[in-house]
Number of protein chains: 2
Amino acid sequence: MVKIVSYKDLVDKLTDIFCEYGYDGTSLTILSQNTGLGRASLYYHFPGGKEEMANAVYEKITRDFTKLVLSPLATDHNFPTKIKNMLEGINLFYNNGQRSCLLDVFAIGSTKNIFNTQIKNAALYWKDSLVKIIKDEGIDNNRAILLSEEIIISIEGALVFARATGDFESFNRALENVLLTITKNILD
Amino acid sequence: MVKIVSYKDLVDKLTDIFCEYGYDGTSLTILSQNTGLGRASLYYHFPGGKEEMANAVYEKITRDFTKLVLSPLATDHNFPTKIKNMLEGINLFYNNGQRSCLLDVFAIGSTKNIFNTQIKNAALYWKDSLVKIIKDEGIDNNRAILLSEEIIISIEGALVFARATGDFESFNRALENVLLTITKNILD
DNA sequence: GGTGTATAATCGAACGATCGTTCTATTGGT
DNA sequence: ACCAATAGAACGATCGTTCGATTATACACC
């Protein structure tokens, strides 16, 4: 186990823990044991307790997602480069498909009603960003929407499939397939 | 609320409850309140307690999935009919995309280690069934595998996207798009 | 058709264990 | 000597489970 020496390390570790056990399945005992910190020490860093820890994790993954996946779409690079950078960001964000639970953790159980609006907005913002740059390539609005949804659906579906089967190679294949679909539908 | 008058009604209700709260998020208090049965009455029907209830739910959705999604692929109908029936089964099984959590409930938290092998086998069996009937249409093995994965990925991804955005129309669109992709890649 | 009885099905109260949280005290660095 | 950071013990609440007892249902017998 990686030794925790900073606040960032701690949030990273909390992310792993919530990802493994889910929010409701993560107890303070589990958090204490897996971080190596006493229960009271966790409350020193997060006075709001378990909920504040989940918030910190959620904010962290939101920052990561924005930086790795969304921001490449808002650059001045040409279209294929934007898409390629986004897909690389996806691969980093989801750790080659092995970190597929990031969304589910907050979309299931007690945290559902807290985060569903934010998840919804993030998904729609991702979609809108794709629609925008696809339309810039001369594709009409309706086709751009369908294509954007298809891209996101393929990525999210690949995550589910990889986790269900344990076949994480399929995730990389699926990402390549997304790139292929895009170039076939847009650049030709 | 639908009155519970049979064992089947009870398992249906349990499915809804676990789906809404997740396994770890579902307490006996919640189960008692939402079914209208006292805690001890639940233990009368399921002596194994919460875990046996989850097992009953899992067996039920496995039966439903086999009947609605897998069995259409094993009939003597022609290829397009098999696919069409499977997609209709998907729509029924997932209730137009609004019951998207069925897998996640058992893939997250305490139940993960209990059910992950069964989920894996189900996913691989689904994929193999698709590979088989696609190869029967004269497609070579590698392409059949990729196409089968693409079909499952699109369906699962559409579920995730629909739940995240709350846009359940997108689920029907995605299913139609799957049918389109198949006919384009195989029947032409 | 009424009646007695076995058993199916229900219930709330209470159990020990664990939950998230707080308290008080101690450590370690500057 | 100050304060950030640690820790374990203990709190009330809730967890999943069990208990004892009550009600509903069904079927045999008169």
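On a predicted model such as this, the values are computed, not experimentally measured, just so you know. Order of the sequence lines fixes the chain letters, A, B, ..., with proteins taken first and strands second; residue numbering starts at 1 for each chain.
Taking the charged nitrogens against the carboxylate oxygens, Asp136(B) and Lys82(B) have no contact shorter than 4.0 Å, which rules out a salt bridge.
Of the two residues contacting DNA chain D, namely Tyr23(B) and Gly38(A), the nearest-nucleotide position lying further toward the 5' end is that of Gly38(A).
One atom, CG of Leu31(A), and another, P of dT21(C), lie 10 Å apart when rounded to the nearest Å. Protein atom CZ of Phe46(A) is 11 Å distant from nucleotide atom P of dT6(D), rounded to whole Å. Atom pair Leu42(A):CG and dA5(D):P shows a separation of 14 Å (rounding to whole Å applied). Following rounding to the nearest Å, Tyr21(B) (OH) and dC15(D) (P) show an atom-to-atom distance of 12 Å. Distance CG (Asp24(A)) to C1' (dG20(C)): 12 Å, rounded to an integer number of Å. Atom CG of Leu37(A) and atom P of dG28(C) are 15 Å apart (whole Å). Atom pair Leu28(A):CG and dG8(D):P shows a separation of 14 Å (rounding to whole Å applied). Rounded to whole angstrom, the span from the NZ atom of Lys50(B) across to the P atom of dT14(D) amounts to 16 Å.
At the heavy-atom level, Ser41(B) lies under 4.0 Å from base atoms of the strands shown. At the heavy-atom level, Thr26(B) lies under 4.0 Å from the strands shown only through sugar-phosphate atoms. Contacts of Ser110(A) with the nucleic acid, taken as non-hydrogen atoms under 4.0 Å apart, are absent.
Seen from the ring of Tyr23(A), Lys50(A) counts as a face-on cation partner, given the 6.0 Å and 45° thresholds.
Distances shorter than 4.0 Å separate none of the side-chain N or O atoms of Tyr44(B) from OP1 or OP2 on dT10(C). Remark: Thr29(B) is not in phosphate contact with dT14(D), judged by side-chain N or O atoms under 4.0 Å from OP1 or OP2. Contact between the side-chain N/O atoms of His45(B) and the OP1/OP2 oxygens of dA8(C) is not found at any separation under 4.0 Å.
With hydrogens and angles ignored, no donor-acceptor pair under 3.5 angstrom links the side chain of Arg39(A) to the base of dT22(C).
With Lys60(B) as reference, Asp12(B) is the one residue of Asp16(B), Asp12(B), Asp9(B) to meet the salt bridge (Lys or Arg N to Asp or Glu O under 4.0 Å) rule.
The closest donor-acceptor contact from the side chain of Arg99(A) to the backbone of Cys19(A) lies at 3.5 Å or more, if one exists at all.
Around atom CD of Glu51(B), no more than 12 heavy atoms belonging to other residues, nucleotides or ligands sit under 6.0 Å away.
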